[in-house]
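In each ligand, atom 1 is the first atom listed, and ligand 1 is the first ligand listed.
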Amino acid sequence: MSDRFDCDVLVIGLGPVGDCMAALASLQGLKVIAVDREPGIFPLPRAAVFDHEIMRVFQMMGVAERIAPLCRMPERYQFLTPGRDVLLEFRFAPQKVSGWAESYALHQPGVEEVLRERLAELDVDIRLETQCERLEQDEDGVHVTLRDAQGESTVRARYVVSCDGAASPTRRALGVGLFDYAFDEPWLVLDTIIDDAGDMPRLCEQICDPRRPATYLAMSGNRFRWEFMLKPGENPDDLLQDAVIRDLVAPWNCADRMTIERKAIYRFHGLVAEDWKVGRILLAGDAAHQMPPFAGQGMCSGIRDTVNLAWKLAWVIRGDAGDALLDTYQTEREPHVRSIIETAIAMGKIICLQDEVAAAARDAELLARQAAGEQDLSVDYPALSGGCLTGLPDAGALFLQPVTGEDRFDRLLGLDAALIGRDLPPVSIPGLRVLDLSAPEMAPFAPALTDWLQDRGVPAVLVRPDRHVFGAGDPEELVRQWTGKLQETENAQVKIPA
Ligand SMILES: Cc1cc2nc3c(=O)[nH]c(=O)nc-3n(C[C@H](O)[C@H](O)[C@H](O)COP(=O)(O)OP(=O)(O)OC[C@H]3O[C@@H](n4cnc5c(N)ncnc54)[C@H](O)[C@@H]3O)c2cc1C
(Lines give C-alpha, C1' and ligand atoms only; values in the text may rest on other atoms or scores of the structure.)
Protein backbone atom coordinates (compact mmCIF):
# COMPACT_ATOMS: atom_id res chain seq x y z
CA MET A 1 0.00 0.00 0.00
CA SER A 2 1.29 3.43 -0.92
CA ASP A 3 2.15 5.85 1.93
CA ARG A 4 -0.42 8.19 0.47
CA PHE A 5 -3.19 5.96 1.81
CA ASP A 6 -4.03 5.07 5.41
CA CYS A 7 -6.15 2.15 4.23
CA ASP A 8 -7.57 0.47 1.15
CA VAL A 9 -11.14 0.56 2.44
CA LEU A 10 -12.75 2.68 5.12
CA VAL A 11 -16.01 1.21 6.40
CA ILE A 12 -18.43 3.69 7.97
CA GLY A 13 -20.85 2.08 10.41
CA LEU A 14 -20.43 -1.18 12.29
CA GLY A 15 -23.91 -2.63 12.30
CA PRO A 16 -24.10 -6.22 11.03
CA VAL A 17 -23.49 -5.07 7.46
CA GLY A 18 -20.42 -2.96 8.29
CA ASP A 19 -19.05 -5.80 10.42
CA CYS A 20 -19.31 -8.23 7.50
CA MET A 21 -17.94 -5.69 5.04
CA ALA A 22 -14.89 -5.00 7.19
CA ALA A 23 -14.24 -8.70 7.87
CA LEU A 24 -14.61 -9.84 4.26
CA ALA A 25 -12.45 -7.00 2.91
CA SER A 26 -9.79 -7.80 5.49
CA LEU A 27 -9.91 -11.51 4.66
CA GLN A 28 -9.36 -10.52 1.02
CA GLY A 29 -6.04 -9.02 2.18
CA LEU A 30 -7.15 -5.39 2.12
CA LYS A 31 -6.14 -2.90 4.80
CA VAL A 32 -9.36 -1.82 6.49
CA ILE A 33 -10.27 0.95 8.92
CA ALA A 34 -13.80 0.65 10.35
CA VAL A 35 -15.49 3.40 12.35
CA ASP A 36 -18.71 3.66 14.31
CA ARG A 37 -19.95 6.64 16.25
CA GLU A 38 -21.33 4.45 19.06
CA PRO A 39 -19.20 2.91 21.83
CA GLY A 40 -20.70 -0.57 21.41
CA ILE A 41 -23.16 -2.80 19.62
CA PHE A 42 -26.78 -1.64 19.34
CA PRO A 43 -28.09 -3.61 22.32
CA LEU A 44 -31.55 -4.51 21.04
CA PRO A 45 -32.56 -6.98 18.36
CA ARG A 46 -33.95 -5.84 15.05
CA ALA A 47 -33.36 -8.79 12.71
CA ALA A 48 -34.97 -11.93 14.11
CA VAL A 49 -34.16 -14.42 11.33
CA PHE A 50 -31.56 -14.93 8.61
CA ASP A 51 -31.17 -17.50 5.87
CA HIS A 52 -28.81 -20.24 4.65
CA GLU A 53 -26.94 -17.94 2.29
CA ILE A 54 -25.99 -15.69 5.20
CA MET A 55 -24.78 -18.63 7.28
CA ARG A 56 -22.55 -19.46 4.31
CA VAL A 57 -21.15 -15.92 4.44
CA PHE A 58 -20.53 -16.39 8.17
CA GLN A 59 -18.69 -19.61 7.24
CA MET A 60 -16.58 -17.60 4.78
CA MET A 61 -15.77 -15.21 7.64
CA GLY A 62 -14.79 -18.13 9.90
CA VAL A 63 -17.62 -17.63 12.43
CA ALA A 64 -20.39 -20.07 11.39
CA GLU A 65 -19.40 -22.54 14.11
CA ARG A 66 -19.65 -19.79 16.73
CA ILE A 67 -22.94 -18.40 15.43
CA ALA A 68 -24.83 -21.67 14.82
CA PRO A 69 -25.15 -22.53 18.54
CA LEU A 70 -26.69 -19.08 19.18
CA CYS A 71 -29.52 -19.75 16.73
CA ARG A 72 -32.73 -21.74 16.58
CA MET A 73 -33.76 -23.39 13.30
CA PRO A 74 -37.45 -22.72 12.65
CA GLU A 75 -39.28 -25.42 10.71
CA ARG A 76 -41.97 -23.20 9.21
CA TYR A 77 -43.42 -19.73 8.87
CA GLN A 78 -47.21 -19.49 8.84
CA PHE A 79 -49.81 -16.88 7.98
CA LEU A 80 -52.91 -17.67 10.06
CA THR A 81 -56.50 -16.53 10.43
CA PRO A 82 -57.48 -15.38 13.95
CA GLY A 83 -59.01 -18.89 14.32
CA ARG A 84 -55.58 -20.38 13.43
CA ASP A 85 -56.52 -21.74 10.02
CA VAL A 86 -53.42 -21.76 7.85
CA LEU A 87 -53.56 -19.26 4.99
CA LEU A 88 -49.96 -19.69 3.88
CA GLU A 89 -47.18 -21.92 5.10
CA PHE A 90 -43.51 -21.77 4.23
CA ARG A 91 -41.70 -24.95 5.27
CA PHE A 92 -37.99 -24.55 5.85
CA ALA A 93 -35.60 -27.21 4.55
CA PRO A 94 -32.97 -28.59 6.95
CA GLN A 95 -30.37 -28.03 4.24
CA LYS A 96 -30.38 -25.76 1.20
CA VAL A 97 -28.03 -25.35 -1.74
CA SER A 98 -25.64 -23.36 0.50
CA GLY A 99 -25.12 -26.42 2.70
CA TRP A 100 -26.88 -24.76 5.64
CA ALA A 101 -30.43 -24.81 7.03
CA GLU A 102 -32.94 -22.61 5.24
CA SER A 103 -33.70 -20.35 8.21
CA TYR A 104 -32.11 -19.37 11.52
CA ALA A 105 -33.76 -17.40 14.32
CA LEU A 106 -31.18 -15.22 16.02
CA HIS A 107 -30.61 -12.72 18.78
CA GLN A 108 -29.04 -9.94 16.70
CA PRO A 109 -26.81 -8.42 19.44
CA GLY A 110 -25.40 -11.89 20.27
CA VAL A 111 -24.52 -12.49 16.62
CA GLU A 112 -23.06 -8.99 16.27
CA GLU A 113 -20.83 -9.66 19.28
CA VAL A 114 -19.33 -12.63 17.44
CA LEU A 115 -18.84 -10.52 14.31
CA ARG A 116 -17.04 -7.82 16.33
CA GLU A 117 -14.91 -10.47 18.03
CA ARG A 118 -13.91 -11.67 14.56
CA LEU A 119 -12.99 -8.15 13.46
CA ALA A 120 -10.69 -7.89 16.45
CA GLU A 121 -9.01 -11.19 15.47
CA LEU A 122 -8.51 -9.96 11.91
CA ASP A 123 -6.25 -7.07 11.12
CA VAL A 124 -9.06 -4.48 11.08
CA ASP A 125 -8.35 -1.08 12.63
CA ILE A 126 -11.60 -0.58 14.60
CA ARG A 127 -12.33 2.93 15.81
CA LEU A 128 -15.41 3.25 18.01
CA GLU A 129 -16.93 6.52 19.23
CA THR A 130 -15.66 7.92 15.97
CA GLN A 131 -18.03 9.73 13.71
CA CYS A 132 -17.56 10.30 10.01
CA GLU A 133 -18.04 14.03 9.49
CA ARG A 134 -17.11 14.67 5.85
CA LEU A 135 -16.00 12.90 2.68
CA GLU A 136 -14.05 14.52 -0.17
CA GLN A 137 -12.95 12.45 -3.13
CA ASP A 138 -10.62 12.78 -6.09
CA GLU A 139 -9.47 10.40 -8.87
CA ASP A 140 -7.26 8.36 -6.51
CA GLY A 141 -9.05 8.21 -3.21
CA VAL A 142 -11.23 9.71 -0.52
CA HIS A 143 -10.28 12.09 2.30
CA VAL A 144 -12.48 11.20 5.27
CA THR A 145 -12.79 13.60 8.18
CA LEU A 146 -13.43 11.76 11.44
CA ARG A 147 -14.33 13.14 14.83
CA ASP A 148 -13.65 11.39 18.14
CA ALA A 149 -13.13 12.57 21.73
CA GLN A 150 -9.72 14.01 20.76
CA GLY A 151 -11.18 16.11 17.94
CA GLU A 152 -10.98 15.92 14.15
CA SER A 153 -8.56 13.84 12.11
CA THR A 154 -8.32 12.87 8.44
CA VAL A 155 -7.92 9.44 6.91
CA ARG A 156 -7.17 8.82 3.26
CA ALA A 157 -8.76 5.69 1.80
CA ARG A 158 -8.81 4.25 -1.71
CA TYR A 159 -12.50 3.41 -1.31
CA VAL A 160 -15.20 4.04 1.29
CA VAL A 161 -18.08 1.65 1.95
CA SER A 162 -20.79 3.38 3.89
CA CYS A 163 -22.87 0.97 5.96
CA ASP A 164 -24.28 3.79 8.06
CA GLY A 165 -27.85 2.58 8.28
CA ALA A 166 -31.28 3.71 7.18
CA ALA A 167 -30.71 7.41 7.88
CA SER A 168 -27.28 7.21 6.17
CA PRO A 169 -25.58 10.59 6.59
CA THR A 170 -23.30 9.56 3.69
CA ARG A 171 -26.23 8.97 1.33
CA ARG A 172 -27.66 12.34 2.28
CA ALA A 173 -24.31 14.14 1.90
CA LEU A 174 -23.92 12.63 -1.57
CA GLY A 175 -27.41 13.84 -2.47
CA VAL A 176 -28.50 10.33 -3.47
CA GLY A 177 -32.29 10.06 -3.72
CA LEU A 178 -34.49 7.14 -2.69
CA PHE A 179 -37.01 5.24 -4.79
CA ASP A 180 -40.06 4.79 -2.57
CA TYR A 181 -42.37 1.79 -2.99
CA ALA A 182 -45.07 3.81 -1.21
CA PHE A 183 -45.58 1.11 1.40
CA ASP A 184 -45.69 2.80 4.78
CA GLU A 185 -47.24 0.96 7.69
CA PRO A 186 -46.76 1.76 11.40
CA TRP A 187 -46.18 -1.18 13.73
CA LEU A 188 -45.39 -1.60 17.42
CA VAL A 189 -42.30 -3.80 17.81
CA LEU A 190 -41.96 -5.55 21.13
CA ASP A 191 -38.90 -7.49 22.27
CA THR A 192 -39.29 -9.51 25.42
CA ILE A 193 -37.66 -12.07 27.67
CA ILE A 194 -40.03 -14.69 29.08
CA ASP A 195 -39.17 -16.60 32.26
CA ASP A 196 -39.87 -20.36 32.28
CA ALA A 197 -40.53 -20.20 28.54
CA GLY A 198 -40.80 -24.00 28.09
CA ASP A 199 -44.49 -23.76 27.20
CA MET A 200 -44.08 -20.92 24.69
CA PRO A 201 -44.63 -22.07 21.08
CA ARG A 202 -41.37 -22.05 19.10
CA LEU A 203 -43.06 -20.64 16.01
CA CYS A 204 -42.91 -17.84 13.44
CA GLU A 205 -46.44 -16.63 12.80
CA GLN A 206 -48.34 -13.81 11.15
CA ILE A 207 -51.79 -13.54 12.65
CA CYS A 208 -53.79 -11.99 9.81
CA ASP A 209 -56.52 -10.55 11.99
CA PRO A 210 -58.06 -7.44 10.39
CA ARG A 211 -58.89 -6.14 13.87
CA ARG A 212 -55.15 -6.12 14.74
CA PRO A 213 -52.61 -7.78 12.40
CA ALA A 214 -49.81 -9.23 14.55
CA THR A 215 -46.52 -11.10 14.30
CA TYR A 216 -45.31 -13.65 16.86
CA LEU A 217 -41.82 -14.98 16.65
CA ALA A 218 -39.79 -17.16 18.98
CA MET A 219 -36.25 -15.91 18.58
CA SER A 220 -33.42 -17.90 20.18
CA GLY A 221 -33.36 -18.85 23.89
CA ASN A 222 -36.04 -17.18 25.98
CA ARG A 223 -36.41 -14.16 23.69
CA PHE A 224 -39.73 -13.52 21.95
CA ARG A 225 -40.81 -10.85 19.46
CA TRP A 226 -44.29 -9.49 18.91
CA GLU A 227 -45.25 -6.90 16.35
CA PHE A 228 -48.71 -5.29 16.34
CA MET A 229 -50.01 -3.08 13.56
CA LEU A 230 -51.41 0.30 14.54
CA LYS A 231 -55.02 0.99 13.60
CA PRO A 232 -55.87 4.09 11.57
CA GLY A 233 -55.97 7.14 13.82
CA GLU A 234 -54.47 5.26 16.78
CA ASN A 235 -52.07 7.29 18.92
CA PRO A 236 -48.65 5.54 19.00
CA ASP A 237 -48.06 6.70 22.61
CA ASP A 238 -51.20 4.85 23.72
CA LEU A 239 -49.90 1.59 22.30
CA LEU A 240 -46.57 2.01 24.09
CA GLN A 241 -48.22 1.89 27.53
CA ASP A 242 -47.21 -1.27 29.43
CA ALA A 243 -50.81 -2.02 30.40
CA VAL A 244 -51.88 -1.92 26.73
CA ILE A 245 -48.94 -4.13 25.76
CA ARG A 246 -49.84 -6.70 28.41
CA ASP A 247 -53.40 -6.79 27.03
CA LEU A 248 -52.08 -7.31 23.51
CA VAL A 249 -49.98 -10.34 24.51
CA ALA A 250 -52.66 -11.75 26.84
CA PRO A 251 -53.64 -14.53 24.37
CA TRP A 252 -50.16 -16.04 24.84
CA ASN A 253 -50.61 -16.36 28.64
CA CYS A 254 -47.19 -15.01 29.50
CA ALA A 255 -47.75 -11.37 30.46
CA ASP A 256 -46.98 -12.08 34.14
CA ARG A 257 -43.49 -13.52 33.39
CA MET A 258 -42.54 -11.18 30.58
CA THR A 259 -39.79 -8.55 30.77
CA ILE A 260 -40.11 -5.93 28.06
CA GLU A 261 -36.66 -5.27 26.56
CA ARG A 262 -37.81 -2.83 23.90
CA LYS A 263 -41.04 -1.26 22.74
CA ALA A 264 -40.89 1.00 19.74
CA ILE A 265 -43.05 2.16 16.88
CA TYR A 266 -41.44 1.49 13.49
CA ARG A 267 -42.74 2.52 10.10
CA PHE A 268 -42.23 -0.40 7.73
CA HIS A 269 -41.45 0.73 4.20
CA GLY A 270 -39.65 -0.14 0.98
CA LEU A 271 -36.89 2.18 -0.23
CA VAL A 272 -34.00 1.82 -2.68
CA ALA A 273 -31.16 4.32 -3.13
CA GLU A 274 -30.82 5.56 -6.70
CA ASP A 275 -27.00 5.33 -6.79
CA TRP A 276 -25.05 2.77 -4.78
CA LYS A 277 -21.68 4.00 -6.04
CA VAL A 278 -20.69 7.63 -6.32
CA GLY A 279 -17.07 7.82 -7.45
CA ARG A 280 -15.12 5.90 -4.82
CA ILE A 281 -17.87 5.83 -2.22
CA LEU A 282 -20.25 2.85 -2.08
CA LEU A 283 -23.43 2.34 -0.09
CA ALA A 284 -24.37 -1.01 1.45
CA GLY A 285 -27.08 -2.41 3.74
CA ASP A 286 -29.88 -0.19 5.01
CA ALA A 287 -28.03 2.82 3.58
CA ALA A 288 -28.77 1.40 0.10
CA HIS A 289 -32.17 -0.30 0.65
CA GLN A 290 -34.83 -0.89 3.26
CA MET A 291 -37.78 -3.24 3.35
CA PRO A 292 -40.61 -4.31 5.64
CA PRO A 293 -39.53 -7.21 7.89
CA PHE A 294 -42.17 -9.73 6.73
CA ALA A 295 -39.66 -11.75 4.67
CA GLY A 296 -36.89 -11.45 7.29
CA GLN A 297 -34.49 -10.20 4.64
CA GLY A 298 -33.30 -6.63 5.42
CA MET A 299 -30.06 -7.57 7.13
CA CYS A 300 -29.63 -10.59 4.84
CA SER A 301 -29.77 -8.32 1.81
CA GLY A 302 -27.18 -6.00 3.34
CA ILE A 303 -24.85 -8.92 4.04
CA ARG A 304 -25.32 -10.09 0.42
CA ASP A 305 -24.14 -6.61 -0.63
CA THR A 306 -20.91 -7.10 1.29
CA VAL A 307 -20.07 -10.50 -0.16
CA ASN A 308 -20.72 -9.12 -3.66
CA LEU A 309 -18.54 -6.09 -3.00
CA ALA A 310 -15.60 -7.50 -1.02
CA TRP A 311 -14.04 -9.54 -3.82
CA LYS A 312 -14.64 -6.80 -6.39
CA LEU A 313 -12.87 -4.25 -4.19
CA ALA A 314 -9.98 -6.68 -3.73
CA TRP A 315 -9.63 -7.36 -7.47
CA VAL A 316 -9.73 -3.63 -8.27
CA ILE A 317 -7.34 -2.56 -5.51
CA ARG A 318 -4.84 -5.33 -6.38
CA GLY A 319 -4.97 -4.18 -10.00
CA ASP A 320 -6.54 -7.41 -11.32
CA ALA A 321 -9.59 -5.48 -12.57
CA GLY A 322 -10.54 -1.88 -13.26
CA ASP A 323 -12.79 0.35 -11.16
CA ALA A 324 -15.67 -0.36 -13.55
CA LEU A 325 -15.96 -3.83 -11.95
CA LEU A 326 -17.47 -1.97 -9.01
CA ASP A 327 -20.24 -0.65 -11.27
CA THR A 328 -21.46 -4.25 -11.54
CA TYR A 329 -22.22 -4.14 -7.78
CA GLN A 330 -25.45 -2.17 -8.23
CA THR A 331 -26.20 -3.81 -11.61
CA GLU A 332 -26.26 -7.20 -9.91
CA ARG A 333 -27.57 -6.36 -6.47
CA GLU A 334 -30.36 -3.87 -7.17
CA PRO A 335 -32.70 -6.18 -9.17
CA HIS A 336 -32.10 -8.90 -6.58
CA VAL A 337 -32.94 -6.70 -3.63
CA ARG A 338 -35.91 -5.17 -5.44
CA SER A 339 -37.39 -8.61 -6.01
CA ILE A 340 -37.04 -9.31 -2.26
CA ILE A 341 -38.54 -5.94 -1.32
CA GLU A 342 -41.46 -6.68 -3.65
CA THR A 343 -41.93 -10.10 -2.01
CA ALA A 344 -41.82 -8.51 1.45
CA ILE A 345 -44.37 -5.88 0.41
CA ALA A 346 -46.62 -8.53 -1.18
CA MET A 347 -46.49 -10.43 2.12
CA GLY A 348 -47.21 -7.17 3.94
CA LYS A 349 -50.26 -6.51 1.78
CA ILE A 350 -51.68 -9.90 2.80
CA ILE A 351 -50.87 -9.35 6.47
CA CYS A 352 -51.78 -5.67 6.85
CA LEU A 353 -55.40 -5.87 5.61
CA GLN A 354 -57.60 -4.09 8.14
CA ASP A 355 -60.78 -3.98 6.06
CA GLU A 356 -62.97 -6.83 7.33
CA VAL A 357 -64.63 -7.50 3.96
CA ALA A 358 -61.34 -7.52 2.05
CA ALA A 359 -59.80 -9.75 4.75
CA ALA A 360 -62.70 -12.23 4.47
CA ALA A 361 -62.21 -12.38 0.68
CA ARG A 362 -58.45 -12.91 1.20
CA ASP A 363 -59.10 -15.72 3.67
CA ALA A 364 -61.60 -17.42 1.34
CA GLU A 365 -59.18 -17.28 -1.57
CA LEU A 366 -56.10 -18.45 0.35
CA LEU A 367 -57.97 -21.20 2.20
CA ALA A 368 -59.36 -22.50 -1.11
CA ARG A 369 -55.87 -22.49 -2.62
CA GLN A 370 -54.50 -24.14 0.50
CA ALA A 371 -57.19 -26.86 0.30
CA ALA A 372 -56.38 -27.43 -3.39
CA GLY A 373 -52.66 -27.65 -2.58
CA GLU A 374 -52.03 -24.80 -5.01
CA GLN A 375 -49.85 -22.54 -2.92
CA ASP A 376 -46.50 -21.63 -4.38
CA LEU A 377 -44.47 -21.24 -1.24
CA SER A 378 -40.95 -21.07 -2.56
CA VAL A 379 -38.78 -18.49 -0.85
CA ASP A 380 -35.92 -18.94 -3.28
CA TYR A 381 -34.80 -15.56 -4.54
CA PRO A 382 -33.64 -14.93 -8.12
CA ALA A 383 -30.17 -15.48 -9.50
CA LEU A 384 -27.96 -12.46 -10.12
CA SER A 385 -28.09 -11.09 -13.64
CA GLY A 386 -26.16 -8.64 -15.82
CA GLY A 387 -22.85 -7.49 -14.32
CA CYS A 388 -19.81 -9.72 -14.14
CA LEU A 389 -21.40 -12.93 -15.44
CA THR A 390 -21.47 -14.97 -18.64
CA GLY A 391 -24.80 -15.27 -20.41
CA LEU A 392 -24.53 -19.06 -20.07
CA PRO A 393 -27.20 -21.15 -18.30
CA ASP A 394 -26.94 -21.04 -14.49
CA ALA A 395 -24.83 -17.86 -14.56
CA GLY A 396 -25.68 -15.82 -11.45
CA ALA A 397 -27.15 -18.75 -9.50
CA LEU A 398 -25.82 -19.56 -6.08
CA PHE A 399 -23.44 -22.52 -6.47
CA LEU A 400 -24.01 -25.55 -4.31
CA GLN A 401 -21.92 -26.39 -1.28
CA PRO A 402 -21.73 -30.17 -0.85
CA VAL A 403 -21.43 -31.24 2.80
CA THR A 404 -19.96 -34.57 3.87
CA GLY A 405 -20.36 -35.14 7.60
CA GLU A 406 -18.89 -32.01 9.15
CA ASP A 407 -16.78 -31.28 6.07
CA ARG A 408 -17.90 -28.44 3.81
CA PHE A 409 -16.75 -27.86 0.26
CA ASP A 410 -16.25 -24.10 0.54
CA ARG A 411 -13.06 -24.64 2.56
CA LEU A 412 -11.44 -25.59 -0.77
CA LEU A 413 -12.67 -22.35 -2.38
CA GLY A 414 -11.24 -19.96 0.19
CA LEU A 415 -11.91 -16.41 -0.98
CA ASP A 416 -10.93 -17.02 -4.59
CA ALA A 417 -12.80 -17.76 -7.79
CA ALA A 418 -12.62 -21.42 -8.83
CA LEU A 419 -12.71 -23.42 -12.01
CA ILE A 420 -14.19 -26.82 -11.16
CA GLY A 421 -14.34 -29.84 -13.46
CA ARG A 422 -12.32 -32.77 -14.77
CA ASP A 423 -9.26 -32.70 -17.05
CA LEU A 424 -8.99 -28.95 -16.69
CA PRO A 425 -6.43 -26.92 -18.67
CA PRO A 426 -3.50 -25.42 -16.75
CA VAL A 427 -4.45 -21.90 -15.73
CA SER A 428 -2.39 -19.28 -13.95
CA ILE A 429 -4.59 -16.29 -13.20
CA PRO A 430 -4.40 -14.41 -9.88
CA GLY A 431 -7.31 -15.28 -7.63
CA LEU A 432 -8.53 -18.25 -9.71
CA ARG A 433 -8.15 -21.75 -8.24
CA VAL A 434 -8.34 -24.83 -10.42
CA LEU A 435 -10.15 -27.65 -8.62
CA ASP A 436 -9.96 -30.89 -10.56
CA LEU A 437 -12.58 -33.39 -9.48
CA SER A 438 -10.05 -36.21 -9.67
CA ALA A 439 -7.77 -34.57 -7.06
CA PRO A 440 -7.70 -36.49 -3.74
CA GLU A 441 -8.85 -33.48 -1.68
CA MET A 442 -11.97 -33.23 -3.87
CA ALA A 443 -13.00 -36.84 -3.16
CA PRO A 444 -15.60 -36.07 -0.42
CA PHE A 445 -17.38 -33.60 -2.69
CA ALA A 446 -16.76 -35.04 -6.16
CA PRO A 447 -20.01 -37.10 -6.38
CA ALA A 448 -22.30 -34.09 -5.74
CA LEU A 449 -20.24 -31.79 -7.97
CA THR A 450 -20.13 -34.39 -10.75
CA ASP A 451 -23.92 -34.74 -10.54
CA TRP A 452 -24.30 -30.97 -10.79
CA LEU A 453 -22.17 -30.86 -13.96
CA GLN A 454 -23.81 -33.94 -15.48
CA ASP A 455 -27.32 -32.61 -14.83
CA ARG A 456 -26.40 -29.61 -16.95
CA GLY A 457 -24.37 -31.55 -19.50
CA VAL A 458 -21.29 -29.37 -19.00
CA PRO A 459 -17.66 -30.28 -18.28
CA ALA A 460 -16.85 -27.36 -15.95
CA VAL A 461 -18.15 -24.46 -13.93
CA LEU A 462 -16.45 -21.22 -12.94
CA VAL A 463 -17.60 -20.01 -9.53
CA ARG A 464 -16.95 -16.43 -8.37
CA PRO A 465 -15.49 -15.71 -4.93
CA ASP A 466 -19.02 -14.83 -3.70
CA ARG A 467 -20.15 -18.42 -4.54
CA HIS A 468 -22.27 -17.35 -7.51
CA VAL A 469 -21.84 -19.19 -10.80
CA PHE A 470 -19.95 -17.08 -13.36
CA GLY A 471 -20.78 -19.64 -16.02
CA ALA A 472 -20.91 -23.36 -16.76
CA GLY A 473 -19.57 -24.90 -19.97
CA ASP A 474 -16.26 -25.49 -21.71
CA PRO A 475 -13.42 -24.72 -19.26
CA GLU A 476 -11.24 -22.84 -21.75
CA GLU A 477 -14.18 -20.70 -22.83
CA LEU A 478 -15.02 -19.95 -19.18
CA VAL A 479 -11.47 -18.81 -18.45
CA ARG A 480 -11.45 -16.71 -21.64
CA GLN A 481 -14.70 -15.01 -20.61
CA TRP A 482 -13.49 -14.48 -17.01
CA THR A 483 -10.32 -12.71 -18.10
CA GLY A 484 -12.29 -10.84 -20.76
CA LYS A 485 -14.84 -9.57 -18.25
CA LEU A 486 -12.13 -8.38 -15.88
CA GLN A 487 -10.15 -6.72 -18.69
CA GLU A 488 -13.29 -4.97 -19.94
CA THR A 489 -13.30 -3.03 -16.69
CA GLU A 490 -9.70 -1.88 -16.91
CA ASN A 491 -9.78 1.24 -19.02
CA ALA A 492 -12.84 2.96 -17.59
CA GLN A 493 -12.02 6.05 -15.52
CA VAL A 494 -13.51 6.55 -12.05
CA LYS A 495 -16.25 9.14 -12.42
CA ILE A 496 -15.89 11.62 -9.56
CA PRO A 497 -18.93 13.87 -9.12
CA ALA A 498 -18.25 17.60 -9.34
C1 LIG B 1 -38.54 -4.63 13.51
C2 LIG B 1 -37.49 -5.08 12.55
C3 LIG B 1 -37.37 -6.41 12.25
C4 LIG B 1 -36.39 -6.85 11.35
N5 LIG B 1 -36.27 -8.18 11.10
C6 LIG B 1 -35.32 -8.61 10.24
C7 LIG B 1 -35.12 -10.00 10.05
O8 LIG B 1 -35.78 -10.84 10.65
N9 LIG B 1 -34.13 -10.39 9.19
C10 LIG B 1 -33.34 -9.50 8.53
O11 LIG B 1 -32.48 -9.92 7.77
N12 LIG B 1 -33.49 -8.17 8.74
C13 LIG B 1 -34.45 -7.70 9.57
N14 LIG B 1 -34.57 -6.37 9.83
C15 LIG B 1 -33.68 -5.42 9.14
C16 LIG B 1 -32.32 -5.33 9.82
O17 LIG B 1 -32.43 -5.11 11.18
C18 LIG B 1 -31.51 -4.21 9.18
O19 LIG B 1 -31.56 -4.35 7.77
C20 LIG B 1 -30.05 -4.25 9.62
O21 LIG B 1 -29.92 -4.15 11.01
C22 LIG B 1 -29.29 -3.10 8.94
O23 LIG B 1 -27.95 -3.20 9.24
P24 LIG B 1 -26.91 -2.08 8.79
O25 LIG B 1 -25.60 -2.57 9.28
O26 LIG B 1 -27.11 -1.75 7.35
O27 LIG B 1 -27.38 -0.77 9.58
P28 LIG B 1 -27.36 -0.48 11.15
O29 LIG B 1 -27.47 -1.74 11.92
O30 LIG B 1 -28.41 0.55 11.37
O31 LIG B 1 -25.94 0.10 11.44
C32 LIG B 1 -25.55 1.40 11.04
C33 LIG B 1 -24.36 1.82 11.88
O34 LIG B 1 -23.81 3.03 11.35
C35 LIG B 1 -23.38 3.85 12.43
N36 LIG B 1 -23.27 5.22 11.91
C37 LIG B 1 -24.25 5.95 11.32
N38 LIG B 1 -23.76 7.13 10.92
C39 LIG B 1 -22.45 7.16 11.25
C40 LIG B 1 -21.40 8.11 11.10
N41 LIG B 1 -21.59 9.30 10.50
N42 LIG B 1 -20.17 7.81 11.56
C43 LIG B 1 -19.94 6.62 12.17
N44 LIG B 1 -20.89 5.69 12.34
C45 LIG B 1 -22.13 5.94 11.88
C46 LIG B 1 -24.45 3.63 13.49
O47 LIG B 1 -23.97 3.95 14.78
C48 LIG B 1 -24.75 2.13 13.33
O49 LIG B 1 -23.97 1.33 14.20
C50 LIG B 1 -35.53 -5.91 10.73
C51 LIG B 1 -35.65 -4.55 11.04
C52 LIG B 1 -36.61 -4.14 11.94
C53 LIG B 1 -36.68 -2.68 12.27
Which word best sums up how the rings of [X] and [Y] line up, parallel for under 30°, tilted for 30 to 60°, or perpendicular for over 60°?
X	Y	result
Phe294	Phe183	perpendicular
Phe50	Tyr104	parallel
Trp226	Tyr216	tilted

Proximal atoms of ligand 1 relative to [X] (non-hydrogen, under 4.0 Å):
X	value
Pro293	3 (C), 4 (C), 5 (N)
Gly285	26 (O)
Gly298	10 (C), 11 (O), 12 (N), 15 (C), 19 (O)
Gly296	7 (C), 8 (O), 9 (N), 10 (C), 11 (O)
Glu38	47 (O)
Gly165	27 (O), 30 (O), 32 (C)
Cys163	32 (C), 33 (C), 34 (O)
Cys300	11 (O)

Backbone, side chain, both or neither: what part of [X] comes under 4.0 angstrom of ligand 1, heavy atoms only?
X	answer
Thr130	backbone
Pro16	both
Asp286	both
Met291	neither

Starting from [atom], which protein heavy atom do you reach first, and at what distance in Å?
atom	result
atom 10 (C) of ligand 1	Met299 N, 3.3 Å
atom 9 (N) of ligand 1	Val49 O, 2.8 Å
atom 44 (N) of ligand 1	Arg37 N, 3.1 Å
atom 34 (O) of ligand 1	Gly13 CA, 3.3 Å
atom 1 (C) of ligand 1	Val189 CG2, 3.7 Å
atom 25 (O) of ligand 1	Val17 N, 3.1 Å
atom 48 (C) of ligand 1	Asp36 OD2, 3.4 Å
atom 6 (C) of ligand 1	Ala47 CA, 3.2 Å

Does a salt bridge link [X] with [Y], judged by any charged N lying under 4.0 Å from a carboxylate O?
X	Y	answer
Asp19	Arg118	no
Glu121	Arg66	yes
Arg158	Asp140	no
Glu152	Arg134	yes
Arg156	Asp138	yes
Glu112	Arg116	no
Arg223	Asp191	no

Practice task
Determine, using ring centers only, whether Phe90 and Phe92 are less than 6.0 Å apart.
Solution key: no
Handout entry: Centroid separation Trp276 to Tyr329 less than 6.0 Å
Key = yes
Handout entry: Short N or O distance, Ala48 and ligand 1, threshold 3.5 Å exclusive
Key = yes
Handout entry: Heteroatom distance test (Arg46, ligand 1): nitrogen or oxygen, under 3.5 angstrom
Key = yes
Handout entry: Set of residues satisfying salt bridge (Lys or Arg N to Asp or Glu O under 4.0 Å) with respect to Asp237, sequence neighbours excluded
Key = none
Handout entry: Residue pairs passing the side-chain hydrogen bond (donor to acceptor under 3.5 Å, both in side chains) test where at least one lies in residues 163-176, sequence neighbours excluded
Key = Ser162-Asp164, Ser162-Thr170, Asp164-Ser168, Asp164-Thr170
Practice task
Pick whichever of Gly15, Cys132, Ser301 has a heavy atom sitting closest to atom 41 (N) of ligand 1.
Solution key: Cys132
With a 4.0 Å cut-off on heavy atoms, does [X] reach ligand 1?
X	result
Tyr266	yes
Gln108	yes
Gly302	no
Gln290	no

Completion exercise
Closest non-hydrogen contact found for Ala34 with Ala22 is CB-CB, 4.1 Å
Exercise for the section: Can you see which heavy atom on Ile351 is nearest to which on Arg362, and at what distance? Expected result: O-NH1, 4.2 Å
